[in-house]
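Note sheet for the following structure.
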Amino acid sequence: MINIKENEQLSIMNHSCAHLLAQAVKHLYPNALFWVGPVIEEGFYYDIDLGDTSLTEEDLPKIEKEMKKIAKDGKRIVREEISKEQALEKFKDDPYKIDLISRMNEEETIISCYSQGDFTDLCRGPHLDTVKKLKHFKLLKVSGAYWKGDAKNKMLQRIYGVCYETEEELKEHLRLIEEAKMRDHRKIGREQELFMNHELVGSGMPLWLPNGALIRKQLENYIYEKEQKLGYSHVYTPCVGTVDLYKTSGHWDHYKENMFPMMKVDEEEFVLRPMNCPHHMLVYKNKMHSYRDLPIRIGEFATDFRYEASGAVKGLERVRCMCQNDAHLFVTPEQIGEEFKRVVSLILDVYKDFGIKDYKFRLSLRDKEDKEKYFDDDEMWDNAENKLRGVLNDLGVDYFEAEGEAAFYGPKLDVEVKPAVGPEVTLSTCQLDFLLPRKFDLSYIDNKGEKQIPVVLHRAIFGTFDRFTAFIIEETKGALPTWLSPIQVKTIPVNPEFQGDYAKEVTNKLKEVGIRAELDDRNEKLGYRLREAQTSKVPYTLILGDKEKEENTVSYRLHGQKETTTLKVDEFVKLITEEIKNKSRRK
Ligand code: TSB
Ligand code: ZN
């Protein structure tokens, strides 16, 4: 999909279309007040205060009709420059505009307004020269949006839309939106019964249903095995800690707004943990270490709780209760490069296994000027940043640098991916940390018998099981590879009365060797059962008729394909077992 924000021509057009939307809304709802109407990647939106009126999607065609009428009328779009005083006077009855004008920089002595017919809006521009050029647009949805994104403020109504130069481009955009909606893991999650939410549990707290739990278990087994081979030691630690633990780590000062509030039990003050690092620091500290023991890699599939804004929570992708595929690696300063390299290689290895190709590595560095956020040790920072850069260059991976995006404790590497719907998110992460080991007074004895402080690498390959599952569902459009599929084989007797027993026998045989097979011997038409197996995206559907029963064979159909292949039962077992073992992917 075109990124409209990055295309100058389309950006201007969409911005003008946002004004056209505002003008139409003003015609239909004369009391409407307008906040901001920016261009975004997918088009534009406008935040509007409509008093007590609440819009639904059903109101959009009427607004669109009014927009078309205004556009056809074809008024010119005229820029006017006025002083701050004049602007304050002109918009004196509009508290939103007064707020915007009052917050403008001192240097902005000249303020620009754009008018089209009976409508004027405060705006930097630029705009098209006439509304006549706005022909191919569509309003897409309406949602609530707190003024300035703050839940304490009034809820405004946000109308989204998009505008193109040609009808074909608009149609293609709408087609891609529809396609993205079909891939949305929330939709597939409902259809395939992977997870659910319930208001009694709370927002951002998904419940993993049996099918989803099966996928997650495969992911856990997969990464656990890899980590064990790579010298990780896995632990279990509680998902709460005392306030003092998080004061010691610095999270209480730097991360409190992302944490659930404190709860008191007897005399202890607890918090639900937002991160596992402090617990792992204590695990390290449980005994003395020599340089010979390092690197020490402590891993955990650890449940964390974070406060995410209610408008931001999304399916499994952004949750308030998550499970990280976490590990903290304790290394000597000399080992940083090598260990970082191993982590990046593991990320690449895992992405290859899952066929993930569309991602970006982002190397997040400090902002050299920001001495308040980043601890002041230029040499240490430069050293660390260069080391990470060096490894990425050695491995020949593509990455981009983002200044000012580092964590307060060190530089980091994030992997960014694009979900079906919504902005990019981080999947894997690897973060260098010089501070936490100091805060917890960690040490090891070096080869001269002297006490030294280790460096920590925080890393999560899947990020969280939650987010990774969401991503992989969208990547595969719900048609997971066989090894990850909750149900791998559906056995369907053509006529349950005649081949029911045989189908049961085949199903049991598959189950015995650990294949997740399910029998569908319901008294439904064959066509109906076959269609259902296809829509549920089960990789293998076995169709068993008289011939198969007589010859001890199975005829299978792969998801998304029409033709069937017949094999001896044992041959089929061998074929699918190999596929599962190799974690093969099919197109
Ligand atoms: C890697 N202390 C480190 C850890 O050792 C840490 O917590 N890093 S993190 O804050 O970046 O989180 C790790 C990963 O969790 C992120 O890369 C992201 O993939 C995932 N994640 C973060 N917030 C959420 C959320 N709200 N819902 C789902 N996954 C999330
Ligand atoms: Zn950590």
Side-chain angles (χ1 to χ4, degrees), residues 185-186 195 197 202-206 208 216 219 223 227 232 235 237 239 241 245-246 249-251 254-255 257-260 272-284 297-330 340 343 346-347 350-351 356 359-362 364 405-417 419 422-437 439-440 442 455-472:
H185 77 278
R186 291 168 293 186
F195 68 97
N197 282 285
S203 70
M205 306 278 183
W208 291 67
R216 174 157 158 186
L219 294 176
I223 201 75
E227 289 176 351
Y232 287 62
V235 298
T237 60
C239 59
L245 178 68
Y246 287 95
S249 68
H251 288 93
H254 287 276
Y255 205 73
E257 66 281 11
N258 299 84
M259 292 165 69
F260 275 65
L272 291 172
R273 70 174 170 193
M275 291 198 191
N276 321 303
C277 345
H279 294 76
H280 292 183
M281 299 299 129
L282 297 177
V283 170
Y284 176 91
R297 308 178 181 94
I298 297 173
E300 183 172 1
F301 301 157
T303 301
D304 294 322
F305 295 83
R306 290 185 187 174
Y307 171 73
E308 296 277 1
S310 62
V313 293
K314 181 179 169 199
L316 290 178
E317 182 186 303
R318 188 170 295 279
V319 291
R320 287 176 170 172
C321 171
M322 68 197 79
C323 183
Q324 283 198 35
N325 153 228
D326 203 4
H328 294 92
L329 320 175
F330 299 80
F340 180 65
V343 173
L346 178 57
I347 294 175
V350 168
Y351 282 29
I356 305 172
Y359 59 87
K360 283 189 261 172
F361 275 116
R362 180 181 68 179
S364 299
E405 292 292 323
F408 66 89
Y409 43 74
K412 60 175 180 158
L413 181 74
D414 289 327
V415 184
E416 305 284 293
V417 294
E424 289 189 329
V425 292
T426 300
L427 222 51
S428 315
T429 185
C430 183
Q431 313 165 357
L432 206 50
D433 186 349
F434 300 101
L435 281 188
L436 223 45
K439 295 201 159 150
F440 280 90
L442 304 187
V455 178
V456 164
L457 272 87
H458 307 239
R459 50 105 283 181
I461 305 299
F462 284 151
T464 50
F465 290 98
D466 316 79
R467 185 169 287 179
F468 194 82
T469 305
F471 179 73
I472 213 71

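When reading the values below, keep in mind they use all heavy atoms of this one structure, side chains included, and skip hydrogens, waters and symmetry mates. All ligand and atom numbering here is 1-based and tracks the order in the structure. In this text the structure is predicted, and so the values were computed from the model without any measurement.
- For Tyr255, no nitrogen or oxygen atom sits less than 3.5 Å from a nitrogen or oxygen atom of ligand 1, counting backbone and side chain alike.
- With ring centers used as reference points, His458 lies under 6.0 Å from Tyr409.
- Taking 4.0 Å as the cut-off, Val319 counts as a neighbour of ligand 1 on heavy-atom distance.
- Atoms of ligand 1 lying under 4.0 Å from at least one heavy atom of Gln431, given by number and element, are 3 (C), 8 (N), 9 (S), 11 (O).
- Glu308 pairs with exactly one of Arg318, Arg320, Lys314 by the salt bridge (charged side-chain N to carboxylate O under 4.0 Å, His left out) rule, that one being Arg318.
- Heavy-atom proximity to Asp326, at under 4.0 Å, picks out these atoms of ligand 1: 1 (C), 4 (C), 5 (O).
- Between Thr464 and ligand 1, at least one pair of N/O atoms sits closer than 3.5 Å.
- Taking the six-membered ring wherever Trp is involved, the centroid distance between the rings of Tyr307 and Phe260 does not fall below 6.0 Å.
- Our summary of the site lists the angle at the Zn ion (ligand 2) between SG of Cys277 and ND1 of His458 as 100°, to the nearest 10 degrees.
- No donor-acceptor distance shorter than 3.5 angstrom exists from the side chain of Ser364 to the backbone of Ala406, with no hydrogens or angles considered.
- For ligand 1, the atoms sitting less than 4.0 Å from at least one non-hydrogen atom of His328 are 5 (O), numbered in the order shown with element in parentheses.
- At a heavy-atom distance under 4.0 Å, no atom of Asn276 approaches ligand 1.
- When non-hydrogen atoms are compared, ligand 1 lies under 4.0 Å from the side chain of Met275 (C-beta onward) but not from its backbone.
- Heavy atoms of Glu317 approach ligand 1 to within less than 4.0 angstrom.
- His185 contributes a side-chain N or O that, together with a main-chain N or O of Leu316, makes up a donor-acceptor pair within less than 3.5 Å.
- Ligand 1 places these atoms under 4.0 Å from at least one heavy atom of Thr426: 17 (O), 18 (C), 19 (O).
- Atom numbering of ligand 1 starts at 1 in the shown order; those under 4.0 Å from a heavy atom of Met322 are 23 (N), 24 (C), 25 (C), 26 (N), 30 (C).
- Among the atoms of His328, an N, O or S atom falls under 2.8 Å of the Zn ion (ligand 2).
- Using bins of under 30°, 30° to 60° and over 60° for the plane-to-plane angle, the ring pair His251/Tyr255 lands in the perpendicular bin.
- Counted by atom type alone, Asp414 and Gln431 present zero donor-acceptor pairs between their side chains at under 3.5 Å.
- For the pair Arg273 (side chain) and Thr303 (backbone), a donor-acceptor distance under 3.5 Å is present.
- No heavy atom of Lys412 sits closer than 4.0 Å to any atom of ligand 1.
- Residue Arg306 places at least one N or O, backbone or side chain, under 3.5 Å from an N or O of ligand 1.
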Pair Glu300-Asn276, side chain to side chain donor-acceptor pair (under 3.5 Å): steps then yes or no: CA-CA 8 Å; Glu300 183 172 1; Asn276 321 303; 5.9 Å; no
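- For ligand 1, one of its N or O atoms has an N or O atom of Glu308 under 3.5 Å away.
- Heavy-atom proximity to Cys277, at under 4.0 Å, picks out these atoms of ligand 1: 2 (N).
- Between Lys360 and Glu424, at least one side-chain nitrogen of the basic residue sits less than 4.0 Å from a carboxylate oxygen of the acidic one, meeting the salt-bridge criterion.
- Under a 3.5 Å cut-off, the side chain of Asn258 and the backbone N or O of Arg306 do not form any donor-acceptor pair.
- The aromatic ring centroids of Phe465 and Phe462 lie less than 6.0 Å from each other.
- The Thr429 neighbourhood of ligand 1 comprises atoms 1 (C), 11 (O), 13 (C), 17 (O), with distances under 4.0 Å to a heavy atom of that residue.
- Inclusion of Leu427 in the set of residues having an N or O under 3.5 Å from an N or O of ligand 1 is warranted.
- Residue contact check: Gly463 has heavy atoms under 4.0 Å from atoms 14 (C), 19 (O) of ligand 1.
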